[in-house]
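See below for the structure under consideration.
Both ligands and their constituent atoms are indexed starting at 1 by order of listing.
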Amino acid sequence: MEVIILSGSRPIASLAADAIEALLRRKPGAVLGLATGSSPLPVYNELALRHERDGLDFSQARGFALDEYVGLPPGHPESYREVIRREFTERVNISPANVHGPDGAAEDIPGSCRAYEDAIRDAGGVDLQLLGVGTDGHIGFNEPASSLASRTRIKTLIEQTRRDNARFFGSLAEVPHHVLTQGLGTILDARHVILIATGAQKAQSVRDLVEGPVAAICPASVLQLHPHATILVDEAAASSLRLADYYRHSYDNKPSWQRL
Ligand code: F6R
């Protein structure tokens, strides 16, 4: 696990975009794992800028969303399919046919979750998975007590997460209780994961995920088992890390040949 502490969202977005750009240049048909929420938005802005300004090409790229609400009407502005379209994919030249998400309106939820896993596998697996982290330590919508080996499935949101996400909806009552999410086992299969956390409200989750035990009470701690996990945090989100100085020292002295 590499922990990189940066001064704010801009340098974090720039570093994450560098990794995605490098991936697309060496593998134009790369499979990107797409998160929603606030944390990845600066990355999507940066990628849209690089597409516009430098011609960064997404024409062969594929995308798989991490999660989706259950029960929102098709086209609801806060459905993650819509958020990803609005914030990212319609701003670059990725083909809409190459962007997939769990189907929160499926009649056969278990069957559609299995089909989603199959689609990720058939695409060759996720090359780079972007992640945020919840204030309760969730990644995707794998809430505390999720199986560390879980695959895509339905989950019930914890009230804290519903309250956190109410800012995107008109009121708490409008936030669905159920979601579909890639499992922790699914996320672990991605070749590289980049988790972004900013702000003091994430400090406890970041400490638990980086320095706590691997435990289902903090689902993000499962990333300690991932061979290539990059944790990008600002000073506020890093403020509870015991070994912050060590992470700074390691990054400042990183061999120049080592990529993210
Ligand atoms: C969203 C997702 C969630 C968010 C997390 C943090 O697709 O999977 O795990 O990343 O809830 O959300 P923000 O970034 O809004 O704080």
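No donor-acceptor distance shorter than 3.5 angstrom exists from the side chain of S59 to the backbone of N93, with no hydrogens or angles considered.
Ligand 1 lies out of reach of E143, whose nearest heavy atom is not under 4.0 Å from it. At least one heavy atom of K202 sits under 4.0 Å from some atom of ligand 1.
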Next on the checklist: One pair to check against side chain to side chain donor-acceptor pair (under 3.5 Å): N142 and R153. What are the steps and the verdict?
Outcome noted: CA-CA 9 Å; N142 295 280; R153 69 213 183 292; 2.9 Å; yes
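Residue-ligand proximity, G140 to ligand 1, at heavy-atom distances under 4.0 Å covers atoms 2 (C), 3 (C), 8 (O), 9 (O). Residue contact check: G132 has heavy atoms under 4.0 Å from atoms 10 (O) of ligand 1. The atoms of ligand 1 that sit less than 4.0 Å from any heavy atom of D67 are 1 (C), 2 (C), 7 (O), 8 (O). Within ligand 1, the atoms closer than 4.0 Å to a non-hydrogen atom of G37 are 14 (O), 15 (O), numbered from 1 in the order shown. Close contacts of ligand 1 with S38, meaning ligand atoms under 4.0 Å from a residue heavy atom, involve 13 (P), 14 (O), 15 (O).
Salt bridge R62/D127: absent, no basic N to carboxylate O contact under 4.0 Å. A salt bridge links R151 with D189: the closest approach of a Lys/Arg side-chain nitrogen to an acidic carboxylate oxygen falls below 4.0 angstrom.
At a cut-off of 3.5 Å, with distance as the only test, a side-chain donor of E174 or S171 sits close to an acceptor on the other residue. Between the side chains of Q201 and T135, no donor N or O sits under 3.5 Å from an acceptor N or O. Between the side chains of Q160 and D164, no donor-acceptor pair of N or O atoms lies under 3.5 Å.
Residue contacts with ligand 1: N165 is placed with no nitrogen or oxygen under 3.5 Å of a nitrogen or oxygen of the ligand (distance criterion only).
Distance from atom 6 (C) of ligand 1 to its nearest protein heavy atom, with residue and atom name: V133 O, 3.3 Å. Scanning the protein heavy atoms around atom 11 (O) of ligand 1, the nearest turns out to be H138 NE2, 2.7 Å. For atom 1 (C) of ligand 1, the closest heavy atom belonging to the protein is T36 OG1, 3.2 Å. The protein non-hydrogen atom at the shortest distance from atom 14 (O) of ligand 1 is S39 OG, 2.5 Å.
If you look at L66 next to ligand 1, the close heavy atoms, those under 4.0 Å, all belong to the side chain. Under 4.0 angstrom from ligand 1, there are no non-hydrogen atoms of L131.
Counting only heavy atoms from C-beta outward, the side chains of L66 and Q129 approach each other to under 4.5 Å. Side-chain contact check for L209 versus M1: some heavy-atom pair is nearer than 4.5 Å.
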